[in-house]
Participant: 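Structure incoming, see below.
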Amino acid sequence: MAGFAFKQFKVQQNNTAMKVSTDGILLGAWANIGDASRLLDIGTGTGLLALMCKQRNQSLAIDAVEIDEQAVKDARTNIKNSPWPDITVHQCAIQDFSSETKFDVVISNPPYFNHSLHSPDSARTKARHTVGLSFSELLSAFIRVSHSHSALTVILPCIEADIFTEHANVMGLHLHRVCHVQTTPTKPVSRRLMAFSLIPNKSMCVSALCVRNSDNTYTPEYITLCQNFYLKM
């Protein structure tokens with residue numbers, strides 16, 4: 001069985017097109033959820049982000065949305081077998097999702113390959129490319145399900161992060177937190193963790209994180225961020 005074991009839960013990923021990645025682990029560990037009561041995970045895939053956030057704040061009411069039927073199978077299995085089976089998975093496009101109550105935090109590891117060649121695997125294409133969920137549609141969904149103090153937290157490569165931020169600004173959202181991520185000290189920043197809100201900000205919280213040292217061991221800052229999740233860290 002293809003899977004990934006964390007300290008408090010396991011992730012089966014036999015069916016989903018997109019497997020557990022460092023991007024997802026970074027996002028689930030970095031998102032600010034301490035004061036939140038309700039969280040929405042858009043494009044949950046295996047359910048990783050929903051499970052990580054529930055482990056961090058077990059009083060959270062979490063809804064997870066996923067369009068792909070095979071990914072939903074994995075997510076529901078992983079949640080059922082976890083300590084938190086009350087996480088709700090909705091099989092639908094986020095464009096079709098509705099909720100009477102608003103969410104305090106929306107989290108997403110969104111598709112971002114706008115210009116690269118499409119994979120012959122249609123499920124992987126849908127998961128990786130913005131063919132089914134554009135940045136504007138994701139931002140519109142956040143605005144629709146949020147209240148004035150809600151936060152949208154995402155991770156993207158740097159070029160796509162710039163594009164996403166431009167769309168967010170046009171739609172009245174403001175970047176409040178950003179973390180520049182390097183995989184090793186000699187490589188350029190490759191990912192950007194970002195948190196947006198409708199509230200104008202007087203100052204932005206900017207940080208940086210390197211995942212691995214030159215000898216391929218995890219850096220102290222990455223260990224501090226993620227040690228509650230990795231089985232061996």
Side-chain angles (χ1 to χ4, degrees), residues 1-66 68 70-91 103-111 123-124 127-128 151 153-156 179 181-184 190-191 193 195 207 209-213 216-233:
M1 177 183 294
F4 202 106
F6 292 90
K7 282 184 177 176
Q8 296 191 33
F9 59 90
K10 293 182 179 180
V11 172
Q12 171 190 302
Q13 46 187 4
N14 292 344
N15 301 297
T16 186
M18 297 305 293
K19 312 301 183 185
V20 170
S21 67
T22 302
D23 282 10
I25 295 169
L26 279 166
L27 181 58
W30 185 82
N32 187 354
I33 60 172
D35 298 326
S37 298
R38 297 203 70 210
L39 179 142
L40 177 65
D41 175 11
I42 297 178
T44 195
T46 60
L48 173 66
L49 292 177
L51 289 163
M52 290 183 70
C53 291
K54 189 70 171 182
Q55 177 181 322
R56 292 179 56 203
N57 180 354
Q58 296 186 25
S59 65
L60 269 177
I62 297 181
D63 289 84
V65 175
E66 174 58 55
D68 183 73
Q70 297 303 309
V72 168
K73 288 181 182 178
D74 282 342
R76 286 179 172 159
T77 296
N78 294 331
I79 288 165
K80 179 182 177 181
N81 294 334
S82 79
W84 316 288
D86 57 320
I87 297 171
T88 304
V89 179
H90 307 266
Q91 185 183 336
F103 294 92
D104 305 306
V105 175
V106 176
I107 190 168
S108 182
N109 185 359
R124 188 170 175 81
R128 290 173 63 88
T153 305
V154 300
I155 185 169
L156 286 165
C179 180
V181 181
Q182 294 171 271
T183 54
T184 67
S190 60
R191 294 289 187 271
L193 289 153
S207 60
L209 175 72
C210 187
V211 176
R212 292 183 181 271
N213 296 303
N216 209 38
T217 58
Y218 288 125
T219 62
E221 59 263 34
Y222 186 75
I223 291 172
T224 298
L225 182 65
C226 300
Q227 63 186 347
N228 290 333
F229 300 101
Y230 279 93
L231 196 59
K232 297 178 180 180
M233 178 174 272

Participant: State, yes or no, whether a side-chain contact exists between Ile62 and Trp84 at a heavy-atom distance under 4.5 Å.
Facilitator: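 When only atoms from C-beta onward are counted, Trp84 and Ile62 do not touch, as no gap falls below 4.5 Å.
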
Participant: Show the nearest heavy-atom pair for residues Ile25 and Cys226, with the distance to one decimal.
Facilitator: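 Heavy-atom minimum between the residues: CG2-SG, 3.9 Å.
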
Participant: If you look at every heavy atom in Ala5 and Leu231, which pair is closest and at what distance?
Facilitator: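 Shortest heavy-atom separation between Ala5 and Leu231 comes out as O-CB, 3.7 Å.
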
Participant: Are a donor atom and an acceptor atom from the side chains of Gln12 and Asp74 found within less than 3.5 Å of each other?
Facilitator: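 Asp74 and Gln12 do have a side-chain donor-acceptor pair below 3.5 Å.
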
Participant: Do you know the tightest heavy-atom contact between Ala71 and Asp68?
Facilitator: N-OD2, 2.9 Å

Participant: Please report the closest heavy-atom contact between Lys19 and Thr16, naming both atoms and the distance.
Facilitator: NZ-O, 2.9 Å

Participant: Evaluate the side-chain proximity of Leu193 to Val181: yes if any heavy-atom separation is below 4.5 Å, no if none is.
Facilitator: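 Yes, their side chains come closer than 4.5 Å.
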
Participant: Can you tell if the side chain of Lys10 reaches within under 4.5 Å of the side chain of Phe4, non-hydrogen atoms only?
Facilitator: no

Participant: Side chains of Ser21 and Asn109, heavy atoms from C-beta outward: is any pair under 4.5 Å?
Facilitator: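 Yes, at least one pair of side-chain atoms sits under 4.5 Å.
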
Participant: Determine which pairs satisfy salt bridge (charged side-chain N to carboxylate O under 4.0 Å, His left out) with at least one residue from residues 52-62, sequence neighbours left out, and list them in order.
Facilitator: Lys54-Asp86

Participant: Would you compute the distance between atom SG of Cys179 and atom CD1 of Ile155 and round it to the nearest 0.5 angstrom?
Facilitator: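 If we round to the nearest 0.5 Å, Cys179:SG and Ile155:CD1 are 8.5 Å apart.
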
Participant: Please tabulate, for the side chains in residues 40-48, all donor-acceptor contacts under 3.5 angstrom to protein atoms that are two or more places apart in sequence or on a different chain.
Facilitator:
residue, atom, partner, partner atom, Å
Asp41, OD2, Thr44, OG1, 2.6
Asp41, OD2, Ala50, N, 3.4
Thr46, OG1, Leu48, N, 3.4

Participant: Enumerate the side chain to side chain donor-acceptor pair (under 3.5 Å) contacts for residues 222-231, please, sequence neighbours excluded, ordered by first and then second residue.
Facilitator: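 Qualifying pairs, neighbours excluded: Tyr222-Tyr230.
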
Participant: Mind checking side chain to side chain donor-acceptor pair (under 3.5 Å) for Asn213 and listing every partner two or more places apart, or none if nothing turns up?
Facilitator: Thr217

Participant: Not counting sequence neighbours, which residues clear side chain to side chain contact (heavy atoms under 4.5 Å, CB included) with Ala195? List them please.
Facilitator: Trp30, Thr153, Arg177

Participant: Leu27 versus Val154: any side-chain heavy-atom pair under 4.5 Å?
Facilitator: no

Participant: Atom NZ of residue position Lys7 - does it have more than 12 heavy atoms of other residues, nucleotides or ligands inside 6.0 Å?
Facilitator: yes

Participant: Identify, with sequence neighbours excluded, every residue that meets salt bridge (charged side-chain N to carboxylate O under 4.0 Å, His left out) alongside Asp63.
Facilitator: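 Residues passing salt bridge (charged side-chain N to carboxylate O under 4.0 Å, His left out) with Asp63: Arg38.
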
Participant: Hey, does the side chain of Gln55 reach the backbone of Phe229 with a donor-acceptor pair shorter than 3.5 angstrom?
Facilitator: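 A pair under 3.5 Å: no.
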
Participant: With the side chain counted from C-beta on, respond yes when Ile33 and Ile107 share a heavy-atom pair under 4.5 Å apart, and no when they do not.
Facilitator: no

Participant: Give the minimum heavy-atom separation between Val89 and Ala75, together with the two atoms involved.
Facilitator: CG2-CB, 4.3 Å

